[in-house]
Amino acid sequence: MPRYRPHVAARPSWRCRVCGAAWPCSPARLALLGEYRENRTGLLIYLGTLLYEATGDLTDVNGLPDRFLPWARAR
């Protein structure tokens, strides 16, 4: 039986270590939404912190806010 591997960011590229997609990839987003299901504000603070770190790692920061924050807002 295969072991679950968490979809986490590889720095400084900010690509998923498991699937190679731009992080947060779909599986990472689902996991984060589940982990922070009762604390959406905490999720947004966490993602904002990671967004700040990513801007230091990536030379092309266009689109980073769209990649890190909008999907996590309450609907």
Side-chain angles (χ1 to χ4, degrees):
M1 179 182 233
R3 240 178 12 145
Y4 172 75
R5 293 176 47 205
H7 289 253
V8 294
R11 295 178 180 172
S13 68
W14 289 88
R15 310 281 305 166
C16 177
R17 290 184 184 272
V18 176
C19 66
W23 196 91
C25 59
S26 292
R29 290 177 184 194
L30 287 174
L32 288 166
L33 286 170
E35 184 177 340
Y36 286 90
R37 113 180 101 256
E38 301 296 326
N39 186 6
R40 191 60 61 100
T41 302
L43 174 59
L44 291 169
I45 291 168
Y46 174 66
L47 291 171
T49 301
L50 294 178
L51 170 62
Y52 176 78
E53 292 177 18
T55 59
D57 289 338
L58 300 173
T59 56
D60 180 14
V61 295
N62 291 329
L64 279 182
D66 291 338
R67 184 167 139 186
F68 277 80
L69 298 174
W71 62 269
R73 292 188 185 132
R75 296 175 194 238

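These figures come from a predicted structure and were not determined experimentally.
Closest heavy-atom contact between H7 and A28: O-CB, 3.4 Å. Contact record, L44 with A72: CD2-CB, 3.8 Å, taken as the closest heavy-atom pair. The minimum heavy-atom distance linking R29 with R67 is given by the pair NH2-O, 3.3 Å. What you find for A10 and R17 is that their closest heavy atoms are CB-CG, 3.7 Å.
Under a hydrophobic clustering in which Ile, Leu, Val, Met, Phe, Trp and Tyr are joined whenever their side-chain heavy atoms come within less than 4.5 Å, directly or via other members, W71 and W14 fall into the same cluster. A single hydrophobic cluster is seen to contain both L51 and L33, as judged by linkage of ILVMFWY side chains at heavy-atom distances under 4.5 Å, directly or through other members. Hydrophobic cluster membership differs between V18 and L32, with clusters built from Ile, Leu, Val, Met, Phe, Trp and Tyr side chains linked at under 4.5 angstrom. With hydrophobic clusters built from ILVMFWY side chains whose heavy atoms lie under 4.5 angstrom apart, W23 does not share a cluster with Y52.
Rounding to the nearest 0.5 angstrom, the gap separating the OG1 atom in T55 from the CG atom in L50 is 11.0 Å. The line from CZ of R40 to CG of L47 is 10.0 Å long, rounded to the nearest 0.5 Å.
In this structure the side chain of N39 never reaches within 4.5 angstrom of the side chain of Y46, judged on heavy atoms. Inter-residue side-chain proximity for L43 and R37 is flagged as unmet; no heavy-atom pair is nearer than 4.5 Å.
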